[in-house]
Amino acid sequence: MGKARPEPVSGQEYVSGHLPGNRPETTAEPGADRRVRRTRAALHRALIELMLAQPYARITVRDIIDRADVGRSTFYAHYRDKDDLLLVSCIEHVRAEISAQLSRYRGEPPPLLPVEMLFRLVDKHPDVYRPLIGQRANATVLRSIRQVYAELLTEHLGPRLGPDPVAASATITFLSWGLYGLLESVMDPAQALTAEQAYRHFAGLWATAGDSREGGAVGGGDG
């Protein structure tokens with residue numbers, strides 16, 4: 001059995017399996033970063049391969065470490081549990097995709113391009129994102145992924161929200177929960193909502209709650 005993992009205190013979320021300010025150092029010696037990246041990549045790859053073969057709920061940490069050929073203690077040095085592995089892996093993938101897309105723009109990219117890309121990724125890989133966004137996501141994962149959305153929105157839309165930090169924070173909270181709900185709707189087979197339609201709904205929310213100077217011309221979608 002692995003060591004019991006501490007629960008996060010109120011107002012804090014796990015990232016990479018550790019509370020903020022209490023994460024293991026990975027740069028103490030030459031080559032440490034490369035080993036960490038290889039280990040994390042192996043665990044991420046193992047989880048995705050397992051998810052393609054069976055339901056996420058049936059996958060155990062033992063399944064993941066056996067497939068990745070790493071020890072249990074190594075797994076828990078990086079991640080709290082399989083939910084944390086999935087959360088961090090998806091966050092890293094989303095940020096890498098957004099960064100690659102933004103780097104192709106010579107001028108200023110559309111403000112909602114990162115949001116549009118998120119809808120496209122969820123639509124393309126529903127089995128990967130459903131445990132994070134679907135109805136079966138646990139409360140800790142839900143709070144964490146919502147906070148990630150808030151950070152992404154703050155990073156890309158924050159400068160357009162005006163000088164009042166309280167109003168800006170409230171708007172980001174509103175938009176991040178709206179984003180979560182729309183992404184969940186895209187993956188819900190009971191709702192006939194496409195990723196493109198959901199993105200346009202979010203663009204409408206932004207046009208209402210965001211910078212009024214943006215008007216209706218928001219996002220990087222077609223049309």
Side-chain angles (χ1 to χ4, degrees), residues 11-16 20 44 86-135 137 141-188 191-223:
Q12 291 180 313
E13 303 298 340
Y14 280 101
V15 177
S16 300
H44 178 208
L86 179 62
L87 175 66
V88 174
S89 297
C90 287
I91 291 169
E92 291 175 348
H93 178 66
V94 166
R95 287 194 172 275
E97 290 289 322
I98 290 174
S99 178
Q101 187 70 15
L102 293 178
S103 67
R104 298 172 186 170
Y105 279 83
R106 293 185 178 180
E108 183 179 0
L112 291 187
L113 179 61
V115 175
E116 183 183 11
M117 290 190 62
L118 187 54
F119 278 108
R120 290 180 177 178
L121 287 171
V122 168
D123 187 49
K124 185 177 180 180
H125 307 289
D127 290 339
V128 174
Y129 288 93
R130 187 171 288 112
L132 294 175
I133 303 172
Q135 296 179 357
V141 169
L142 189 155
R143 289 194 301 270
S144 296
I145 198 67
R146 203 285 306 175
Q147 181 61 35
V148 169
Y149 295 159
E151 291 171 0
L152 283 172
L153 293 173
T154 299
E155 180 180 346
H156 295 284
L157 302 181
R160 300 169 181 268
L161 291 177
D164 184 348
V166 175
S169 178
T171 299
I172 289 294
T173 299
F174 167 73
L175 291 172
S176 62
W177 279 115
L179 177 58
Y180 184 96
L182 287 168
L183 288 167
E184 184 178 27
S185 295
V186 169
M187 291 186 295
D188 185 351
Q191 301 192 43
L193 187 69
T194 68
E196 175 64 22
Q197 291 169 335
Y199 165 73
R200 293 187 181 279
H201 279 302
F202 184 86
L205 291 177
W206 168 242
T208 301
D211 189 337
S212 61
R213 292 172 296 178
E214 291 297 311
V218 296
D222 297 331

If you round to the nearest 0.5 Å, how far is CG of L87 from CD of E92?
9.5 Å
Nearest heavy-atom approach of T194 to V186 is O-CG2, 3.9 Å
T208 side chain to G204 main-chain N or O, any donor-acceptor pair under 3.5 Å?
yes
Please answer whether the main-chain N or O of V166 pairs with a side-chain N or O of S169 as donor and acceptor at a distance below 3.5 Å.
no
All heavy atoms of Y180 vs all of L132, minimum pair found to be OH-O, 3.6 Å
Under 3.5 Å donor-acceptor, Q191 side chain and D188 backbone:
no
Applied to residues 96-106, the salt bridge (Lys or Arg N to Asp or Glu O under 4.0 Å) test, sequence neighbours excluded, yields none
Kindly give the heavy-atom pair with the smallest separation between Q197 and A192, and that separation in Å.
OE1-O, 3.6 Å
Taking the side chain as C-beta and beyond, is there a heavy-atom pair between F174 and L205 under 4.5 Å?
yes
Let me confirm one number: the CG-CZ distance from L179 to R146, rounded to the nearest 0.5 Å.
10.5 Å
What one should report as the nearest heavy-atom pair of D123 and A195 is CB-CB, 3.6 Å
Please determine whether side chain to side chain contact (heavy atoms under 4.5 Å, CB included) holds for the pair H156 and L102, giving the CA-CA distance in whole Å, both sets of side-chain angles, and the decisive distance to 0.1 Å.
CA-CA 11 Å; H156 295 284; L102 293 178; 3.6 Å; yes
Taking all non-hydrogen atoms of both residues into account, name the closest pair between S185 and L193 and its distance.
CB-CD2, 3.7 Å
Closest non-hydrogen atom pair between L86 and P131, with its separation
CD2-CB, 3.6 Å
If the condition is side chain to side chain contact (heavy atoms under 4.5 Å, CB included), which residues does A168 pass it with, not counting sequence neighbours?
L161
What distance do Y199 atom OH and R120 atom CZ have between them, rounded to the nearest 0.5 Å?
8.5 Å
Rounded distance (nearest 0.5 Å) linking atom CD1 of I91 with atom CD1 of I145:
5.0 Å
Partners meeting side chain to side chain contact (heavy atoms under 4.5 Å, CB included) with T154 (sequence neighbours left out)
I172
Under 4.0 Å between a Lys/Arg side-chain N and an Asp/Glu carboxylate O for E155 and R160?
no
If you measure from CE on M117 to OG on S99, what distance do you get to the nearest 0.5 Å?
9.5 Å
Given the rule in the side chain to side chain contact (heavy atoms under 4.5 Å, CB included) test, do V115 and Y149 qualify, once you have shown the distances and angles that lead to the verdict?
CA-CA 9 Å; V115 175; Y149 295 159; over 6 Å; no
Using the side chain to side chain contact (heavy atoms under 4.5 Å, CB included) rule, take L152 and I98 through it: C-alpha gap first, then chi angles, then the decisive distance, then the call.
CA-CA 10 Å; L152 283 172; I98 290 174; 4.3 Å; yes
Side chain to side chain contact (heavy atoms under 4.5 Å, CB included) assessment of V94 paired with Y129:
CA-CA 11 Å; V94 166; Y129 288 93; 3.4 Å; yes
Atom pair CZ (F119) and NE2 (H201), whose distance is rounded to the nearest 0.5 Å
9.5 Å
